[in-house]
There are 2 protein chains.
Amino acid sequence: MTLAYPFEDVRTQIKSASLAEVMDRLGVRMNFAKDEEIYAQEEDADLIYRVVSGVVRTMRLLSDGRRQVGDFYQAGDLFGLEVGALHRYSAEALCDCAIQVVKRSSLRAQADEGELDRAIWEATCRDLERAQDHILLLGRKTACEKVASFLMDLAQQGPNEAIDLPMGRQDIADYLGLTIETVSRMLTQLQGSQVVEFASCRQFRVRRWDVLERLAA
Amino acid sequence: MTLAYPFEDVRTQIKSASLAEVMDRLGVRMNFAKDEEIYAQEEDADLIYRVVSGVVRTMRLLSDGRRQVGDFYQAGDLFGLEVGALHRYSAEALCDCAIQVVKRSSLRAQADEGELDRAIWEATCRDLERAQDHILLLGRKTACEKVASFLMDLAQQGPNEAIDLPMGRQDIADYLGLTIETVSRMLTQLQGSQVVEFASCRQFRVRRWDVLERLAA
DNA sequence: GAGCTGTCTTGATCTGGATCAAACCCAAGG
DNA sequence: CCTTGGGTTTGATCCAGATCAAGACAGCTC
């Protein structure tokens with residue numbers, strides 16, 4: 001396997017346009033209903049997925065049902081690129097989703113090799129960077145800092161705009177390693193101190209970006 | 001100064017034998033004393049590091065000094081392969097270490113491209129897989145499960161052998177998102193229930209592999 | 001509208017792990 | 001030997017966040 005020189009900033013918004021095109025040509029568009037499983041943990045990982053619309057969550061279960069959400073994937077993101085042969089996390093549609101699916105092998109045969117490798121590399125790197133941030137958050141941040149970090153991450157686009165929260169409280173809790181009740185309390189608290197403002201429980205606006213940043217630690 | 005002595009584990013040796021050789025030829029061997037910094041957070045990441053002997057930890061600090069250990073790297077492991085241009089974690093020698101260091105660019109010019117890419121890819125994938133396990137551990141496991149998982153991970157080689165714990169309690173705590181006291185209590189508890197046995201505080205043996213596995217959840 | 005149903009918030013209480021504070025253990029150095 | 005000092009263990013107490021238990025607030029359908 002040939003890889004692009006691993007030195008580029010993966011956060012570049014250039015979302016490999018031509019890979020998307022090839023995926024559209026070779027792949028299948030599938031629709032998943034809210035909470036439908038896209039692939040299971042331990043399942044063979046020979047497909048590549050791209051979110052066309054909607055949001056996807058990856059997650060892992062402990063034997064007794066405790067759940068950890070790995071990450072959320074939005075429109076344009078590649079996911080399901082497991083490192084080994086098997087999926088280590090399962091993936092589910094967070095809301096109704098359209099997903100473009102392609103077999104790795106057929107893609108490899110048809111697409112520009114370099115292009116494909118580069119896209120896979122970038123998606124993997126993005127996953128790793130986010131995983132590293134996630135580790136710091138889970139290991140050493142307080143409930144309030146976790147929630148503040150989470151809101152900041154969602155609101156990357158900048159303050160003042162209305163941001164949609166596509167996921168419910170339970171998903172946020174399982175992403176942050178908290179309970180729904182704690183998430184709810186922290187959100188109420190942040191709203192009470194004028195840092196953010198909720199129009200409804202699924203939409204908010206950052207009022208004090210500086211304070212939010214400080215709280216996220 | 002420690003002399004080079006080839007005691008890499010078999011797994012890594014097979015994977016990147018010739019890369020190691022090229023790194024030895026082109027790179028510099030550096031020695032680091034216990035707790036010495038190998039690279040800092042936010043520093044430029046244009047070097048590739050391979051542990052020759054000793055153990056390395058990567059870590060990240062929050063502004064108020066809370067610390068999260070990202071991972072530990074043993075002889076044979078590649079590290080410092082950041083995704084972007086800057087190191088997102090810092091790296092320190094856990095004990096006296098010998099590290100082989102090479103400039104990415106010079107390596108690229110000389111080595112077999114495919115070989116290098118493959119080694120970098122595999123090291124990155126290993127990091128990602130371990131990060132994913134780490135996320136589940138930090139987000140949803142109890143103190144006891146965390147410690148049990150940690151011991152199991154160290155003892156991969158199998159039960160019955162004496163395993164060295166190269167890191168102190170503080171490093172374990174900062175890896176598991178706990179305090180030293182809690183780590184110590186859990187170790188005492190595991191020893192009390194005959195699951196593991198400590199010869200000294202830096203060496204143990206697994207007595208009941210099945211129980212340890214169950215406790216790790 | 002009135003009833004549902006699922007999600008979210010709020011309140012009261014409990015507890016696992018943190019914090020605070022000794023004591024212990026040993027290796028290194030006088 | 002006896003110190004000294006870093007790492008570790010142990011004990012007592014505290015508190016952030018979990019758990020348990022109501023409410024409140026939508027969207028629904030009928």
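Every chain is numbered from 1, with letters handed out A, B, ... down the list of sequences. The structure presented is a predicted model; accordingly, all values stated were derived computationally and were not measured.
Near DNA chain D, meaning a heavy atom under 4.0 Å away, there are no residues from residues 57-69 of chain B.
Note that the first and last nucleotides of DNA chain C, 5' to 3', having any atom under 4.0 angstrom from a heavy atom of chain B are dG17(C) to dC20(C).
Judged as a ring pair (Phe, Tyr, Trp, His ring centres under 6.0 Å), and not counting sequence neighbours, the contacts of Y175(A) are F72(A), H134(A), F150(A). With sequence neighbours left out, the salt bridge (Lys or Arg N to Asp or Glu O under 4.0 Å) criterion links R208(B) to D210(B). Residues that satisfy the side chain to side chain donor-acceptor pair (under 3.5 Å) test with S90(A), not counting sequence neighbours, are absent from this structure. Remark: Y39(B) pairs with Y49(B), H87(B) by the ring pair (Phe, Tyr, Trp, His ring centres under 6.0 Å) rule, at least two apart or across chains. Under the side chain to side chain contact (heavy atoms under 4.5 Å, CB included) criterion, R214(B) pairs with V211(B), sequence neighbours left out. Remark: T142(A) engages E145(A) in a side chain to side chain donor-acceptor pair (under 3.5 Å) (not counting sequence neighbours). With sequence neighbours left out, the side chain to side chain donor-acceptor pair (under 3.5 Å) criterion links D133(B) to R60(A), R88(A).
What separates CG of D174(A) from P of dA18(D) is a distance of 11 Å, to the nearest Å.
Contacts of T142(B) with the nucleic acid, taken as non-hydrogen atoms under 4.0 Å apart, involve only primed sugar atoms and P, OP1 or OP2.
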For a quick test of your reading: what N or O donor-acceptor pairs under 3.5 Å do the side chains of residues 184-191 of chain B make, sequence neighbours left out?
unit_1  : atom_1 : unit_2  : atom_2 : d
T188(B) : OG1    : S184(B) : O      : 2.8
Q191(B) : OE1    : F198(B) : N      : 2.6

Identify each atom pair where a protein N or O and an N or O of nucleotides 6-9 of chain D are less than 3.5 Å apart, giving names and distance.
unit_1 : atom_1 : unit_2  : atom_2 : d
dT8(D) : OP1    : R202(B) : NE     : 3.2
dT8(D) : OP2    : R169(B) : N      : 2.9
dT9(D) : OP1    : R169(B) : NH2    : 3.1
dT9(D) : OP2    : R169(B) : NE     : 2.7
dT9(D) : OP2    : S184(B) : OG     : 3.0
dT9(D) : O5'    : S184(B) : OG     : 3.1

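R169(B) CZ to T179(B) OG1: the interatomic distance, rounded to the nearest 0.5 Å, is 12.5 Å.
Within the structure, every pair that satisfies the salt bridge (charged side-chain N to carboxylate O under 4.0 Å, His left out) test and touches residues 47-56 of chain A, not counting sequence neighbours, is listed here: D24(A)-R50(A).
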